[in-house]
**Student:** 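Starting off with a structure, shown below.
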Amino acid sequence: MRTSPELRRKLISVAAVSAALLTAAPASVAVAQEAAPRPAAVPAAQTEAAPGIQAERLIVGYKSGATEAKSNKAAAADAESKAEKTGEDIDFQRRLGTGAALVELGTHPTRASVADVVAQYKADPQVAYVVPDRLNKPTAVTPNDTEYSKQWDLFESTAGMNVPGAWDTTTGSGVTVAVIDTGYVTHSDLAANIVGGYDFISDTAVSVDGNGRDSNPADPGDWYNDNECGQGIAASGSSWHGTHVAGTIAAATNNGKGVAGIAYGAKISPVRVLGKCGGYDSDIIDAITWASGGTVSGVPANTNVAKVINMSLGGGGACSSATQSAINGAVNRGTSVVVAAGNENQNVSNASPANCNNVISVAATNRAGSRASYSNYGSLVDISAPGGETRTSTANGILSTLNSGTKTPSSENYAYYQGTSMATPHVAGLVALMKSANSALTPAQIESAIKANARALPGTCSGGCGAGLADAAKTVQAVKGGTSTGTTFSSTAAVAIPDNGAAIESPISVTGRSGNAPSALQVGVDITHTYRGDLVIDLVAPDGSTYRLKSAASDSADNVNTTYTVNASSEVANGTWKLRVQDTAAQDTGTLNGWKLTF
């Protein structure tokens, strides 16, 4: 790998930068100020690799039937063929976890030469997509002090996320959260909840740890000098960004020191993709794949598969096909992907991966419950969470675990940061609480429940802040079924059950409930029948999902008069529920006299 200063300077030209610049502040406090967007060689409106784009590497997705989709030798030969046609240097580098190929272009590729290569790949009928390997950035930062009483974002009634109300039900035990970020710098208030992760940074100019990919996700620091990450970009100290994010999710709690984590019973798997000047899409794609239990060539199988991924990172432009493929793979494996909306005070449609499908895109709110001034917004935002805003007071930021080193690691400390990077782990922590409370929840059900149980923003939002402010206690109660109130909905309309005939259905309309049905929904059934072994009985949820209550069996007794218990916590409570009954054999008839649901 090239490690020259020139390469490090060029890294910034691959994608738009979304992190705010750090500026100096009075002695004990450093505050992240909003800054003008950093210059980018990739125009914000571009959605895929297109003429005029500047890139050093491309991600090529081949169609499933293509030989190049499975054979590295064939993909390398294809790169050589296209090099001959274009006169450009094109080298196959490796296979990504999604099956796409990473190809590297020659030294100093011009926009015209990149366009020629892209055109060759696009013209190939075996190619599904070709996109630039863009550079992503941490989405925000800000440093200083300690203790739970300062964590307004967890408990304050105005704009806190109502986290303590969820802890009586769950603390996140049994769930691993992958923090795809800058890695992890040792901190005693977090160490007990850290499990194995991985360093996915393949380029030593970015990794600055002296090597490429390995099993050590330690954060050596991501500092840089003036202009080192692009002309006009001022120097910055190390952010320890991944450690701050991890502390919000799962800092050790009730240990007499520091801060509390939202899902402090959960585990954190640090997955390093961001280093000096950011991180490439290709590394992030493999990290998403691996963290969620997928296979990445050359990387050992993940023994700490995450059911939640936190990505407090982003770049400009639309979601690429390559990134979307990785996200879809993770979600299909049952992993929720939570992403920062970005800090450019613009529509999130122009910020990737927050604008991808199948993610939970998180905007940031301040201590008054209004959209933070820096936060992105728009119809693609799913939910808002506390991200802090430190313009008037550092204490209005988000306090979490950090390190005092300005370049390399020094002593551990705590600091206030602001940003959608800080809002995102609030939601990732909530997802961990939900999965711990109900492991059967799918990513789609999790997103739906978070939105359905959000409360209206106590402040203002221009442009769109999703479903509102996430509410941990209300959401966890909903997916667990909440506290039983004994509320009963019933039907007393008698329905004849034909002998060995079609199924009959009896409806009950449920209204006035909030959130999901309970995990112990009581279904009372009263059926008169002369041979109950003939009967098959199902509960049908409002969305059409069925729950088998009784199967046909050799049972000659009369009647069914009993109560079944159903885990319906993945179903929205309100709507039309049905009891479906079918007689599956000849010679006996009966009647459904009535049935009831008790919440």
Side-chain angles (χ1 to χ4, degrees), residues 169 382-383 434 437-438 440-456 466-468 470-471 473-498 501-529 532 534-552 559-584 589-599:
T169 302
D382 293 303
I383 195 70
M434 296 167 70
N438 184 349
L441 292 172
T442 66
Q445 290 168 336
I446 285 170
E447 180 178 342
S448 177
I450 290 173
K451 292 178 178 179
N453 293 283
R455 67 185 194 269
D471 188 306
K474 187 178 178 183
T475 305
V476 168
Q477 277 296 93
V479 299
K480 280 291 288 184
T483 302
S484 176
T485 62
T487 302
T488 298
F489 299 83
S490 61
S491 171
T492 57
V495 183
I497 304 171
I504 59 97
E505 291 183 339
S506 173
I508 290 177
S509 179
V510 175
T511 60
R513 304 293 299 176
S514 63
N516 287 19
S519 56
L521 178 64
Q522 303 298 295
V523 185
V525 178
D526 179 9
I527 295 174
T528 300
H529 198 274
R532 68 187 182 197
D534 292 352
L535 299 177
V536 173
I537 307 174
D538 291 305
L539 175 68
V540 184
D543 67 354
S545 301
T546 59
Y547 297 82
R548 180 58 51 88
L549 305 181
K550 179 188 179 301
S551 299
N559 309 328
V560 177
N561 196 336
T562 189
T563 299
Y564 300 94
T565 300
V566 176
N567 181 358
S569 57
S570 63
E571 306 292 343
V572 175
N574 288 336
T576 300
W577 296 74
K578 299 175 183 177
L579 191 74
R580 180 181 295 159
V581 184
Q582 183 176 17
D583 185 322
T584 61
T589 60
T591 301
L592 171 61
N593 301 309
W595 68 291
K596 61 185 179 181
L597 293 170
T598 302
F599 289 80

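In this chain, numbering begins with 1 at the start of the sequence shown.
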**Student:** With Phe489, which residues qualify under ring pair (Phe, Tyr, Trp, His ring centres under 6.0 Å), at least two apart?
**Tutor:**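 Testing Phe489 for ring pair (Phe, Tyr, Trp, His ring centres under 6.0 Å), a comparison that skips the adjacent residues, returns Phe599.
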**Student:** Output the distance between atom CD1 (Ile504) and atom OG1 (Thr591), rounded to the nearest 0.5 Å.
**Tutor:** 9.0 Å
**Student:** Just verifying a value: how many Å separate Asn574 CG and Thr576 OG1, rounded to the nearest 0.5 Å?
**Tutor:** 10.0 Å
**Student:** For Asp471 versus Arg455, what's the shortest heavy-atom pair and its separation?
**Tutor:** OD2-NH1, 3.4 Å
**Student:** Hey, what do you get for CG (Leu535) to NE2 (His529), rounding to the nearest 0.5 Å?
**Tutor:** 4.5 Å
**Student:** Any donor-acceptor pair under 3.5 Å linking the side-chain atoms of Asn438 with those of Ser570?
**Tutor:**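 There is no such pair (donor and acceptor under 3.5 Å, judged by atom type) between the side chains of Ser570 and Asn438.
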**Student:** Any chance you could lay out the side chain to side chain contact (heavy atoms under 4.5 Å, CB included) test for Val581 and Val560, step after step, and finish with the verdict?
**Tutor:** CA-CA 11 Å; Val581 184; Val560 177; over 6 Å; no
**Student:** Nearest 0.5 Å, what's the CD-CG distance between Glu447 and Asp382?
**Tutor:**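 Rounded to the nearest 0.5 Å, the CD-CG separation comes out at 4.5 Å.
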**Student:** Would you name the heavy atoms of Leu441 and Gln445 that are closest together and state the gap between them?
**Tutor:** CA-OE1, 3.5 Å
**Student:** Does Asn516 reach the main-chain N or O of Val479 with its side chain, forming a donor-acceptor pair under 3.5 Å?
**Tutor:** no
**Student:** Closest heavy-atom contact between Ala449 and Thr475?
**Tutor:** O-CG2, 3.9 Å
**Student:** Considering residues, nucleotides and ligands other than Lys451, do more than 12 of their heavy atoms fall under 6.0 Å from its NZ?
**Tutor:**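 For Lys451, atom NZ is crowded (more than 12 foreign heavy atoms under 6.0 Å).
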**Student:** With side chain to side chain contact (heavy atoms under 4.5 Å, CB included) as the test, would you mind laying out the steps for Arg548 and Val536 before giving the verdict?
**Tutor:** CA-CA 8 Å; Arg548 180 58 51 88; Val536 173; 3.5 Å; yes
**Student:** Are Pro542 and Trp577 close enough that some pair of their side-chain heavy atoms sits under 4.5 Å apart?
**Tutor:**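 Pro542 reaches Trp577 side chain to side chain.
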**Student:** Looking at every heavy atom in both Ile537 and Tyr564, which two are closest together, and how far apart are they?
**Tutor:** CD1-OH, 4.2 Å
**Student:** Looking at Val525, Ile508, Asp538, Val495, which hits side chain to side chain contact (heavy atoms under 4.5 Å, CB included) with Leu579?
**Tutor:**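 Only match with Leu579 under side chain to side chain contact (heavy atoms under 4.5 Å, CB included): Val525.
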**Student:** If you take all heavy atoms of Ile446 and Met434, which pair is closest and at what distance?
**Tutor:** O-CE, 3.6 Å
**Student:** Please report the shortest heavy-atom distance between Pro498 and Asp583, naming the atom on each side.
**Tutor:** O-CB, 3.3 Å
**Student:** Looking at CG of Leu592 and CD1 of Ile527, how far apart are the two atoms once the value is rounded to the nearest 0.5 Å?
**Tutor:** 5.0 Å
**Student:** When you measure from the side chain of Ser569 to the backbone N and O of Ala517, does any donor-acceptor pair fall under 3.5 Å?
**Tutor:**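 A pair under 3.5 Å: no.
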**Student:** Run the side chain to side chain contact (heavy atoms under 4.5 Å, CB included) test on Leu597 and Val523 for me, step by step, so that the C-alpha distance in whole Å, both residues' side-chain angles and the decisive distance to 0.1 Å come before the verdict.
**Tutor:** CA-CA 5 Å; Leu597 293 170; Val523 185; 3.8 Å; yes
**Student:** With a 4.5 Å limit on heavy-atom distance, are the side chains of Val566 and Leu549 in contact?
**Tutor:**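 When only atoms from C-beta onward are counted, Leu549 and Val566 do touch, with a gap below 4.5 Å.
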**Student:** With no hydrogens and no angle check, is any side-chain donor or acceptor of Lys550 less than 3.5 Å from a backbone partner on Arg532?
**Tutor:** yes
**Student:** Is it true that atom NZ of Lys578 has more than 12 heavy atoms of other residues, nucleotides or ligands lying nearer than 6.0 Å?
**Tutor:**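 12 or below, so no.
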**Student:** Hey, mind stepping through Thr528 and Asn593 against side chain to side chain contact (heavy atoms under 4.5 Å, CB included) and telling me if it holds?
**Tutor:** CA-CA 7 Å; Thr528 300; Asn593 301 309; 2.9 Å; yes
